[in-house]
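Presented below is the structure to which this report refers.
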Amino acid sequence: QVQVVESGGGSVQAEGSLRLSCTVSGASYGSNYMAWFRQGSGKEREGVAAIEPSFGRTYYTDSVKGRFTISQDNGKNTVSLHMNSLRPEDTAMYYCAAALGIATLNPLDQYEYNYWGQGTQVTVSS
């Protein structure tokens, strides 16, 4: 059974940093893509960052470029999201997602992913 488990998150003041980690277990093969999405209160879920583990290609939504970095850690099924210069508008529930055994055309589209974690809260205060 495939499981996606996030860790990290928490509360920080503006301009602070946080690191989120995500591990996919139970899969018999590596993920085609792994990504982080977020959903703020009253907002739609949006793609934040994605990585193609086999090639190391990364993708970011415009609002986090230069501040967030997605990286692969010790294997294709573990990724981290390093978040710097955090802003109050980054406050949201952050979800890790994995695309296993399916083609992905738009790495920041939530509908391109078939496995999801439970989410971890990130709160940034001004």
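Any value given below was found using the heavy atoms of this structure, including those in side chains, with hydrogens, waters and symmetry copies removed. These numbers come from a predicted model, not from an experiment.
The shortest non-hydrogen separation linking Thr104 to Ala99 is OG1-CB, 3.5 Å. For Ser126 against Pro88, the heavy-atom pair with the smallest separation is CB-CG, 3.9 Å. The minimum heavy-atom distance between Ile70 and Met34, with the atom names listed, is CD1-O, 4.0 Å. Heavy-atom minimum distance, Val48 versus Val64: O-CG2, 3.6 Å. What you find for Ala98 and Val24 is that their closest heavy atoms are CB-CG2, 3.8 Å. For the residue pair Cys22 and Val4, the shortest heavy atom distance occurs at SG-CG1, 3.6 Å.
Listed for the Glu6 side chain is a donor-acceptor partner under 3.5 Å among the backbone atoms of Gln118. Judged purely by atom type and a 3.5 angstrom limit, Tyr33 has no side-chain atom pairing as donor or acceptor with the backbone of Pro53. Within the 3.5 Å criterion, the main-chain N or O of Met93 finds no donor-acceptor partner in the side chain of Arg38. A donor-acceptor distance shorter than 3.5 angstrom exists from the side chain of Asn114 to the backbone of Leu100, with no hydrogens or angles considered.
Remark: Val12 pairs with Leu18, Leu86, Val124 by the side-chain contact (heavy atoms from CB on, under 4.5 Å) rule, at least two apart or across chains. Applying the side-chain hydrogen bond (donor to acceptor under 3.5 Å, both in side chains) rule to Arg45 yields no partners; only residues at least two apart in sequence or on another chain are considered. Residues passing the salt bridge (Lys or Arg N to Asp or Glu O under 4.0 Å) test with Glu15, sequence neighbours excluded: none. Residues passing the side-chain contact (heavy atoms from CB on, under 4.5 Å) test with Ser125, sequence neighbours excluded: Gln13. With sequence neighbours excluded, no residue forms a side-chain hydrogen bond (donor to acceptor under 3.5 Å, both in side chains) with Ser7. By the side-chain hydrogen bond (donor to acceptor under 3.5 Å, both in side chains) test, Asn84 pairs with Ser17, sequence neighbours left out. Every residue meeting the side-chain contact (heavy atoms from CB on, under 4.5 Å) condition with Thr123, not counting sequence neighbours, appears here in chain and number order: Ser11, Thr91, Gln121. Under the rule for a side-chain hydrogen bond (donor to acceptor under 3.5 Å, both in side chains), Arg87 has no partner lying at least two apart in sequence or in another chain. The salt bridge (Lys or Arg N to Asp or Glu O under 4.0 Å) check on Glu112 picks up nothing, with sequence neighbours excluded.
Every pair passing ring-ring contact (aromatic ring centres under 6.0 Å, His included) that includes a residue from residues 79-115 is listed here, sequence neighbours excluded: Phe37-Tyr113.
Note: Leu20 CG to Thr120 OG1 = 6.0 Å, rounded to the nearest 0.5 Å. Taking CG of Asn32 as the reference point, atom OG of Ser54 lies at 7.0 Å (rounded to 0.5 Å). Here the CG-OH distance, from Leu108 to Tyr59, works out to 9.0 Å after rounding to the nearest 0.5 Å. The distance from the CG atom of Asp109 to the CD atom of Glu46 is 12.5 Å, given to the nearest 0.5 Å.
Other members of the cluster containing Leu105 do not exist, because no ILVMFWY side chain is joined to it at under 4.5 Å. In the hydrophobic clustering, where aliphatic and aromatic side chains (Ile, Leu, Val, Met, Phe, Trp, Tyr) are joined below 4.5 Å either directly or transitively, Val5 stands alone.
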Take Ser80 and Asp73 through the test side chain to side chain donor-acceptor pair (under 3.5 Å) and record every step on the way to the result. CA-CA 7 Å; Ser80 292; Asp73 302 328; 2.2 Å; yes

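Looking at Val122 and Met83, their side chains come closer than 4.5 Å, going by heavy atoms from C-beta outward.
Donor-acceptor pairing under 3.5 Å is lacking for the side chains of Ser85 and Arg67.
When each of Asp90, Thr61, Thr58 is paired with Phe68, the side chain to side chain contact (heavy atoms under 4.5 Å, CB included) condition holds for Asp90 and for no other.
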